[in-house]
There are 2 protein chains.
Amino acid sequence: MPQRRPRRTRRPVSIHDVADAAGVSPTTVSHVLSGRRPVNAATAARVRQAVNRMGYVPASLARSLQAGSTSVIGLLIPDITNGFYAELAKGVEDAAHHIGYSVILCNTEFDPAREDHYLDLIRGRFIDGMVYAAGTPPTEARLESLLGRFPIAVVDEDVTGLPQSLSAMADHYQGGRLAGEHLRQLGHRRAAVLTGPALLPSAAQRARGFREAFEGDVIQLEGTWLEQSGAELMLQCLDSDGFDRTAVFAANDQMALGALAVLHERGLAVPGDISLVGFDDIRVASLCAPPLTTVHQPAYDIGRTATAQLLQYVANGEEPPTSRHLLPVHLEVRASTGPAPA
Amino acid sequence: MPQRRPRRTRRPVSIHDVADAAGVSPTTVSHVLSGRRPVNAATAARVRQAVNRMGYVPASLARSLQAGSTSVIGLLIPDITNGFYAELAKGVEDAAHHIGYSVILCNTEFDPAREDHYLDLIRGRFIDGMVYAAGTPPTEARLESLLGRFPIAVVDEDVTGLPQSLSAMADHYQGGRLAGEHLRQLGHRRAAVLTGPALLPSAAQRARGFREAFEGDVIQLEGTWLEQSGAELMLQCLDSDGFDRTAVFAANDQMALGALAVLHERGLAVPGDISLVGFDDIRVASLCAPPLTTVHQPAYDIGRTATAQLLQYVANGEEPPTSRHLLPVHLEVRASTGPAPA
DNA sequence: TTGTATGCGTTATCAT
DNA sequence: ATGATAACGCATACAA
């Protein structure tokens, strides 16, 4: 004999309440709302009226539990204030919203603990999938227990040797090559490369592409992806004995902006004394002074593509196949690069 | 024909499976994991071993259903690629993550339908609360059915005459005044104001503050918050008969950047011919050419404060009180403003 | 056309 | 110290 609910707090209206009010069973209410089976017109009208009068909204939580999926995915990125990730996020959100999914913003600030915390969302099945663009080195160790067991799209990073499902990234190597060729054709022979974390394939590929196309004398300094890091590395360069570089390739635009600020501080002309190339082509790259020559990356498309791919399978309860999307890049030549000084 | 697998799909390990494996009841497993009541050490060890061996992770969905809350909030904003909202989002995420909450990114692109869709998340109780920074005019109609019934913090907007719970915003009026005073002191007497949507209190307050402090001849053009809109309004100004303004106040930095691009295109010097002031102080404002004089808004703090306030009550199951936080602004004087031309 | 019973996976309540 | 049972609120297989 069912006991009446305690009713301590103002409990939300449930499907049961509506059913009682309309004089039907919860099943019928459910079907009126879902349309998954025919309901007598008059009955349906009564139910709808009760729904409106009582302001009933189905508890999506209960619905999700029953359905076994939440229609929510995660987007794991290191820094939403970086224009690249913001564009990426927009692409992810667009693709997700397009088929009724929502996106949890997992902003990690490059903090492994925070990353782990957010990965627990998928372990606990609160999210149906994850778009993973961590930007942190120990990517593999952190992911290996997840890939293959959960729907994850690895984005912007070329994680190899793992049972990964989906991936989408820009052609980092080719981007590096474009930067290198450009500077070589301008007559530069001695360059500095301010890279991202050496353990990241993306950072390594950009640097390698640059070196192979530049074919000159290259010194390489490792940093994080942050503006601050670009500034520090640039300072380190300038303060080293016998610094003689005429060109700098920064692993992303944020670092390039940091480097640019330092060059300005030191009274060095860009590109008069030193040419500077970035990577990403975030909005500010075309607005800063001088406008930055940089490798354009289709951030929005990367996010949109990866998410659409992921959800195509997740939404059907299928297991995503292994795939690797390589998106094209191109060089945006602006005013931060010029002929090598004599 | 014998059935191989009774289950259609590989079902995740449940608390029941662990209980069976450990030879205890689900209740005990639950208590071992939560520590909410004493469990025999040996029993607990057996349970923990089973948990590890089977890779059990509690279904947070079921947990949420039982608990009546999800530990997720929404963040509704129009445009994550706008540096202001990105900073705001970072503040929200920080405050939420700090006490174990996650954030759903509700990016609306100023689309009312999309906004409504996301507001349904709170109606369906999939999220415990919402940080609302829509930036769209019909804020009130859209919100009136929600405020007071659900935990919502209205951010960056001064919604008056509504049963709102929490709100946090910059001092828009004072910001407008700072811009107006600055230009007046530089000798400007004729200005153009490129405002945001007239129906938005924030936009109206910024414009009013400007007019009251500037005390000169002001023409006012209404736009959206977008860069494109700033460009269009600037063009419209320049092409009007007898245009004679020496200063422009844009309602936000994005619009200022749009206006700046148009001024450059037309060969007008900034600030030589026209001085320009923005609002927000997003990162690019200090990097563009010339660096933009602008009203600084504490975007990160607005997000963090509002979220911390909201969650303080939500996490305790209490109803948030009505409150209104007004955060201070200040003027960042850079190179886009100068003395009025003779 | 409609209703009953059951399950989704967890935790709180009550019992032992 | 541990377990059985009843919710949480919905959807669905099965019955009528």
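Just so it is clear, the values below take in all heavy atoms, side chains as well, and ignore hydrogens, waters and symmetry mates. So that the names make sense, note that chain A is the first sequence line, chain B the second, and so on, each numbered from 1.
- Partners of B:Ser14 under the side-chain contact (heavy atoms from CB on, under 4.5 Å) rule, at least two apart in sequence or in another chain, are B:Arg11, B:His16, B:Asp17.
- Residue A:His31 is classed as a base contact, given a heavy-atom separation below 4.0 Å to a base.
- A:Arg125 places a side-chain heavy atom less than 4.5 Å from the side chain of B:Val57.
- One cannot find a donor-acceptor pair under 3.5 Å joining the base of C:dT1 and the side-chain atoms of A:Arg37.
- The phosphate of C:dG3 (OP1 or OP2) has a side-chain N or O of A:Ser25 nearer than 4.0 angstrom.
- Within the 4.0 angstrom heavy-atom criterion, only backbone atoms of the sugar-phosphate kind lie near B:Arg36; the bases stay farther away.
- Of the listed nucleotides (C:dT4, D:dC10, D:dT2), C:dT4 has the atom at the smallest distance from the side chain of A:Thr27.
- Axis angle between the ends of the helix from C:dT1-D:dA16 to C:dT16-D:dA1, five pairs each and rounded to 10 degrees, works out to 50°.
- Shown here are the ring-ring contact (aromatic ring centres under 6.0 Å, His included) partners of A:His97, two or more places apart in sequence or in another chain: B:His117, B:Tyr118.
- Of the side-chain N and O atoms in B:Thr43, one or more sit less than 4.0 angstrom from OP1 or OP2 of D:dT2.
- Taking only side-chain atoms of B:Pro58, from C-beta outward, the nucleotide of C:dT10, D:dA11, D:dA1 with the closest atom is C:dT10.
- With hydrogens and angles ignored, a donor-acceptor pair under 3.5 angstrom links the side chain of A:Gln66 to the base of C:dG7.
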